[in-house]
*Asks:* 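Once you've had a glance at the structure underneath, I'll fire off some questions.
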Amino acid sequence: MKLTLKMKMRSLTRNKEWMLEQSIEAFKACVNDWLSAIAQLGEKPNRGNPHRFAYRRIRDRYPQLHSNVVRDAMNLAIEIYRSWLKNGGEFPEFHSDVIYFKGVDVKIENNGLVVPLMGKRVYLPLYVPKKFRKYLQYKHGRVAIKRIGRDWYAFVSVNVPEKEPIKPIGAIGVDLGYYNLLVASDEKGREVMRVQGDVLIEHKEHLEKLTARRQRRLMKKFGIYAKTNHRDRRFVSDLNHKIAKELVLRARQLNRVIVLENLKGLKSQRRPKPLRKILHRWSYADLISKIVYKAKLYGVPVIFVSPRGTSKTCSNCGYYVRAFKDERVFRCPKCGFIADRDLNAARNIAKKGLEELRKQAFLPALKGEASSPQRR
Ligand SMILES: [Zn+2]
């Protein structure tokens, strides 16, 4: 499985920064040269014709770029040109602050990269987060170096081996909400995991206190307002990461597939008042994508099912309770079953997933990959 690791560069010497800037400018110009060469060529570009048409000429114009980088510029230009042919509009111009290197041209050592810049091999030191260390020992692929604001970042793609896929004996249904961020249940209604929404409220109060304090200080000193967005995003991302990992590890331990609702925007009535304000900080799309990728790493299949009826159906007898209005407790008028609302929904989701799994059992082998991830 391919992962892209984003790492910030440690402070660079003036000379190294200059070399990077020069290379990025050259790369930009090179891509644009390729674009006009392709336009001149007048044929639909493929891997071969622009190269034959202009490689020698463009290569000579950029002696400071590694030959593979010039080829990468060509491939990028082809992509850009093709999407322009498809979508129309003004003739494209490439102006991103980025440069790409082939995996074989980059060495990763001593918490840094060695890349070919201006005809030399240059060491660029990185901040390598602890959690990335184990990934960096695997074979790496393409590397992109980008300038974002005043900082430099490396994006390193690595090929991480996936675990042997499990042979599922059941399913874990996952209900995502606001009162409970997540409730997971197996098809028998046994609760596997629960994350209460309180974490968000607590975090919100904590943040507000911090912000208020900072606000006062900043207002007094500079007369400006403080921003909290950045810290919020980090918190949400870290929390999602923890939740996803925990869920996937449990699924692996219990030999069960993970079943998620195919959510196109959460049902609005589910939002309790105190949480409404901080909703935008909480990203379900992010949580779902983290679950999908962790599951892939750990060999746990993920199934997506339709959310239709999952919260209004009795998970015990299957009776559809039309009048159910999102109370915290689900009561079935038919069989008398009583359960926590989210647990009942999670169990329904698990059951749906199991049905799906049985259908697929007649199809070619169930692999460790997510089946039909039809999310947005
Ligand atoms: Zn019932």
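Side chains included, hydrogens not; waters and symmetry mates left out as well; all remaining heavy atoms used. Since the model is a prediction, treat every value here as computed from it, not as a measurement.
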*Asks:* Quick one: does Asp342's side chain get under 4.5 Å of Arg328's, heavy atoms only?
*Replies:* yes
*Asks:* Going by heavy atoms in the side chains, are Lys245 and Lys242 under 4.5 Å from each other?
*Replies:* no
*Asks:* Using a 4.5 Å cut-off on heavy atoms from C-beta on, say whether the side chain of Ile288 contacts that of Leu176.
*Replies:* yes
*Asks:* Counting C-beta onward and ignoring hydrogens, is there a side-chain heavy-atom pair between Asn316 and Cys332 closer than 4.5 Å?
*Replies:* no
*Asks:* Can you find a heavy atom in the side chain of Tyr284 that is under 4.5 Å from one in the side chain of Leu181?
*Replies:* yes
*Asks:* Under the 6.0 Å and 45° cation-pi test, does Arg347 pair with Phe330?
*Replies:* no
*Asks:* With sequence neighbours left out, write down each residue that passes ring-ring contact (aromatic ring centres under 6.0 Å, His included) with Trp84, or none if nothing qualifies.
*Replies:* Tyr81, Phe91
*Asks:* Evaluate whether atom NZ of Lys102 has more than 12 neighbouring non-hydrogen atoms of other residues, nucleotides or ligands under 6.0 angstrom away.
*Replies:* no
*Asks:* So with a 6.0 Å cut-off around CZ of Arg56, is the heavy-atom count from everything else above 12?
*Replies:* no
*Asks:* Just do the salt bridge (Lys or Arg N to Asp or Glu O under 4.0 Å) check on Glu261 and Lys352 with the steps written out, would you?
*Replies:* CA-CA 10 Å; Glu261 279 182 325; Lys352 270 195 176 187; over 6 Å; no
*Asks:* Ignoring hydrogens and angles, tell me if any N or O in the side chain of His241 forms a donor-acceptor pair with the backbone of Lys290 under 3.5 Å.
*Replies:* no
*Asks:* Can you confirm whether Arg341 sits close enough to Asp175 that some side-chain heavy atom of one is under 4.5 Å from a side-chain heavy atom of the other?
*Replies:* yes
*Asks:* Please assess Glu355 against Lys359 for the test salt bridge (Lys or Arg N to Asp or Glu O under 4.0 Å), listing each intermediate value before the final yes or no.
*Replies:* CA-CA 6 Å; Glu355 247 170 67; Lys359 263 189 244 163; 5.5 Å; no
*Asks:* Once ring-ring contact (aromatic ring centres under 6.0 Å, His included) is applied, do any residues pair with His51, and if so which ones, sequence neighbours excluded?
*Replies:* Tyr55
*Asks:* Hey, is CZ on Arg82 packed in by over 12 heavy atoms from elsewhere, all under 6.0 Å?
*Replies:* yes
*Asks:* Does the side chain of Phe101 reach to within under 4.5 Å of the side chain of Leu113, using non-hydrogen atoms?
*Replies:* no
*Asks:* Rest of the hydrophobic cluster containing Ile148 (Ile/Leu/Val/Met/Phe/Trp/Tyr, side-chain heavy atoms under 4.5 Å)?
*Replies:* Tyr153, Phe155
*Asks:* Does any non-hydrogen side-chain atom of Phe94 lie less than 4.5 Å from one of Phe27?
*Replies:* yes
*Asks:* Using a 6.0 Å cut-off, check whether atom CZ of Arg57 has over 12 heavy atoms from anything other than its own residue.
*Replies:* yes
